[in-house]
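Proteins get letters first, then strands, A, B, ... in listed order; numbering begins at 1 in each.
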Number of protein chains: 2
Amino acid sequence: MSLRHALLGLLAERPASGYDLLKRFDTSLANVWPATQSQMYGELSKLAAAGLITVSAEGPRGRKEYTLTDEGMAELRHWLTETRPQRTPRSDTLLRVFFLGVLPREQATAYLTGLMDHSDEEYEALRALERSIDWGEDQLSVYGRIALEYGLRLNEMQREWARWAADRLR
Amino acid sequence: MSLRHALLGLLAERPASGYDLLKRFDTSLANVWPATQSQMYGELSKLAAAGLITVSAEGPRGRKEYTLTDEGMAELRHWLTETRPQRTPRSDTLLRVFFLGVLPREQATAYLTGLMDHSDEEYEALRALERSIDWGEDQLSVYGRIALEYGLRLNEMQREWARWAADRLR
DNA sequence: GGGGCCATGTAATCGGTTACATGATTGA
DNA sequence: TCAATCATGTAACCGATTACATGGCCCC
């Protein structure tokens, strides 16, 4: 149930409408916690009903601007400091590795070299994202940069691991 | 919908009952694709209904032994070679990083050093797992070892990244 | 005999995905 | 005026989680 916390986190920065949040998701959090439009509007309603956010303004076209309440901020801080991630992240990619034995060796190797290529592409996409962002001194810049570094290192690691694994099969 | 492929993959090695598969999950695939008992029995019924596996024997206590059919093997090969993972993996851990700015700096640092410790523990747990397994020449040994290496490298990377990030906050 | 394990299943709930539906406003 | 964008919502479905439920078999 982390989408609610993602929304609280974004609203901690500044008030926003569902539509605003949707766009900010796509350009920042989508890489670590994808969410759909349907889900976000539903979650915002629930958060408002729970008193963690409130409708602070209404604009044209039925636009509703949400603002974090004190309770919402308390919940956000609680989530950050008192709770630990509990679910093991699922990896579709790694699951396949377990079963590569049912393929002829050359196809197994092809899977691994495919992963190398994919890691390279992801790495470059993150570099491009890094260049496209106007990094300031604000908090989301500082921590967003740290999260992006994680992605860069992850893809480097993945490429080297896939190279090692492909070599090992020979 | 990867649980079905995980089950097909395990049954490709040898026939097994739901109960067998449950235990084999816990000792091998649980780190990349956790699944509950309820889910597995349900999925096995669906796979049997779809003709990808069949009940090849019935034992005491209502035990049903499932065997992969040719269609099941074809589906497994198709999944391995023709499809790519599509969902972005969600990371609860990384999501929090984006919002560390709402905490006083020392608490943000504490979160990162906590991640370092956690990575060390995970690393050691994987090393212990590695020692506890009787690595043979069979396919699941070869590829299981490769998957485990991924986990080791991931945790190493994560520890170094967290160290770097904590330093950066100073 | 009885405790522990083997073995399978159902029901309720939840978070997430896909698709559908609707309409207001703005700017070229 | 009309296309693009802003803006919110509903409904159906699916996979995953939690809890509950049941009973047979084996060995001490």
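Distance, A:L3 CG to D:dA16 P: 19 Å, rounded to whole Å. In this structure, the CZ atom of A:R61 is 10 Å from the P atom of D:dT8, given to the nearest Å. One atom, CD of B:Q86, and another, P of D:dC14, lie 16 Å apart when rounded to the nearest Å.
Contact annotation for A:R4: no contact, since no heavy-atom pair falls under 4.0 Å across all strands. Using a 4.0 Å heavy-atom cutoff across all strands shown, B:Q37 reaches at least one base atom of the nucleic acid.
Under 4.0 Å is where a charged nitrogen must lie from a carboxylate oxygen, and between B:R163 and B:D167 no such pair does.
Ring orientation note: the planes of A:W161 and B:Y150 are nearly perpendicular, at an angle over 60° on the 30°/60° scale.
Nearest-nucleotide positions on DNA chain D place A:Y41 closer to the 5' end than the other of A:R90 and A:Y41.
In the region residues 6-34 of chain B, proximity to DNA chain C at under 4.0 angstrom, judged on heavy atoms, holds for B:S17, B:G18, B:Y19.
With a cutoff of under 4.0 Å to any heavy atom of chain B, the contacted region of DNA chain C is bounded 5' to 3' by C:dC5 to C:dT17.
No option in B:H118, B:Q158, B:R153, B:E156 other than B:E156 meets the side chain to side chain contact (heavy atoms under 4.5 Å, CB included) test with B:Y123.
The base of D:dT18 has none of its N or O atoms less than 3.5 Å from a complementary donor or acceptor on the side chain of B:T36.
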